[in-house]
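Single-structure report; data block below.
Lettering follows sequence order; numbering is per chain, from 1.
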Amino acid sequence: MPKAEAIRQIQHAVMQIPSGRVASYGQIADLAGLPGRARMVGRALRLAAEEQPLPWHRVVRADGKLAFPAGSDSANEQRERLVSEGIPVVNNRVAMSQWRWEPDIYELLHKLKY
DNA sequence: TTTGTGACCGTAA
DNA sequence: ATTACGGCCACAA
């Protein structure tokens, strides 16, 4: 899978996250057809930030923590955006059990794995 | 060409 | 709840 297309797939997946929900880097990687390549999602978002608007703030680590260091400008902006969508951020982290996005396709993949 | 570095993740201790 | 480790891989030095 070509790099450019992978980036496009990632951006497409991120755009599917509904307002008021969050997804993990790994989850997005899975949905983009790039299992095990969560780090590439971060890279793709870094690039996308300079291009078109993407709901990058809805992507967090698998454990719910923001990928940016607590207190950093980026972390503050992400927290601000999440809170404005109704998602509380406590100690630089959101409660995945409550806010995690569960698309049908992802549920299927999850069932096949376990 | 090799090496270090991440907007990461699952597992194990 | 944390920390450590191995896997992951594009990128830059």
Side-chain angles (χ1 to χ4, degrees):
Chain A
M1 169 169 232
K3 170 186 60 181
E5 188 184 333
I7 301 284
R8 190 171 58 71
Q9 296 281 8
I10 290 171
Q11 299 184 339
H12 177 71
V14 171
M15 290 190 284
Q16 308 310 306
I17 310 172
S19 175
R21 310 247 69 178
V22 295
S24 74
Y25 292 87
Q27 187 182 344
I28 293 302
D30 287 347
L31 292 173
L34 301 164
R37 302 175 63 183
R39 303 191 91 118
M40 184 170 201
V41 174
R43 249 180 280 124
L45 291 186
R46 192 172 51 202
L47 297 177
E50 305 168 4
E51 302 166 21
Q52 78 179 267
L54 212 60
W56 57 270
H57 58 286
R58 298 181 188 143
V59 184
V60 301
R61 288 187 177 167
D63 64 2
K65 286 195 293 186
L66 306 193
F68 301 108
S72 65
D73 290 345
S74 296
N76 287 331
E77 182 179 351
Q78 185 168 19
R79 174 176 49 70
E80 215 174 291
R81 291 189 179 210
L82 289 172
V83 170
S84 75
E85 290 185 357
I87 303 178
V89 179
V90 186
N91 292 327
N92 209 51
R93 138 174 0 205
V94 307
M96 291 305 270
S97 58
Q98 167 161 28
W99 305 106
R100 179 182 163 88
W101 174 45
E102 303 277 4
D104 297 324
I105 298 174
Y106 196 74
E107 286 182 358
L108 286 178
L109 291 176
H110 197 273
K111 287 178 182 175
L112 292 180
K113 284 185 181 177
Y114 302 96

Using atom names, set out every protein N or O paired with an N or O of nucleotides 5-8 of chain B below 3.5 Å, distance rounded to 0.1 Å.
{"residue": "B/dG6", "atom": "N9", "partner": "A/Arg39", "partner atom": "NH2", "Å": "3.2"}
{"residue": "B/dG6", "atom": "N7", "partner": "A/Arg39", "partner atom": "NH2", "Å": "3.2"}
{"residue": "B/dA7", "atom": "N3", "partner": "A/Tyr25", "partner atom": "OH", "Å": "2.7"}
{"residue": "B/dC8", "atom": "OP1", "partner": "A/Arg61", "partner atom": "NE", "Å": "3.1"}
{"residue": "B/dC8", "atom": "OP1", "partner": "A/Arg61", "partner atom": "NH2", "Å": "2.8"}
{"residue": "B/dC8", "atom": "N3", "partner": "A/Arg39", "partner atom": "NH1", "Å": "2.9"}
{"residue": "B/dC8", "atom": "N4", "partner": "A/Arg39", "partner atom": "NH1", "Å": "2.3"}

Identify all pairs in which a protein N or O lies below 3.5 Å from an N or O of nucleotides 2-5 of chain C, and state each distance.
none

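One interatomic measurement links the two molecules: CD1 of A/Ile10 to P of C/dC8, which rounds to 17 Å at whole-angstrom precision. Nucleotide C/dC8 holds its C1' atom 13 Å from the CG atom of A/Asp30, rounded to whole Å. Residue A/Lys65 contributes atom NZ, which lies 12 Å from atom C1' of B/dC9 at whole-angstrom precision.
Checking side-chain atoms of A/Gln27 against main-chain N and O of A/Arg100 turns up no donor-acceptor pair under 3.5 Å. Not a single donor-acceptor pair under 3.5 Å links the side chain of A/Gln98 to the backbone N or O of A/Ile87.
Residues A/Ile28 and A/Leu45 have side chains not in contact (no heavy-atom distance under 4.5 Å, counting atoms from C-beta outward). Counting heavy atoms from C-beta outward, A/Pro55 and A/Arg81 have side chains that stay 4.5 Å or more apart.
Residues satisfying the salt bridge (charged side-chain N to carboxylate O under 4.0 Å, His left out) test with A/Arg93, not counting sequence neighbours, are none. The salt bridge (charged side-chain N to carboxylate O under 4.0 Å, His left out) check on A/Glu85 picks up A/Arg58, with sequence neighbours excluded.
Of the two residues near DNA chain C, A/Leu47 and A/Pro35, the one whose nearest nucleotide lies more 5' is A/Pro35.
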Under 3.5 Å, sequence neighbours excluded: what are the donor-acceptor pairs made by side chains of residues 1-9 of chain A?
none

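Sorted by first then second residue, the side-chain hydrogen bond (donor to acceptor under 3.5 Å, both in side chains) pairs that include residues 60-75 of chain A, not counting sequence neighbours, number zero.
Nucleotides C/dC8 and B/dG6 are separated by 11 Å at their C1' atoms, to the nearest Å.
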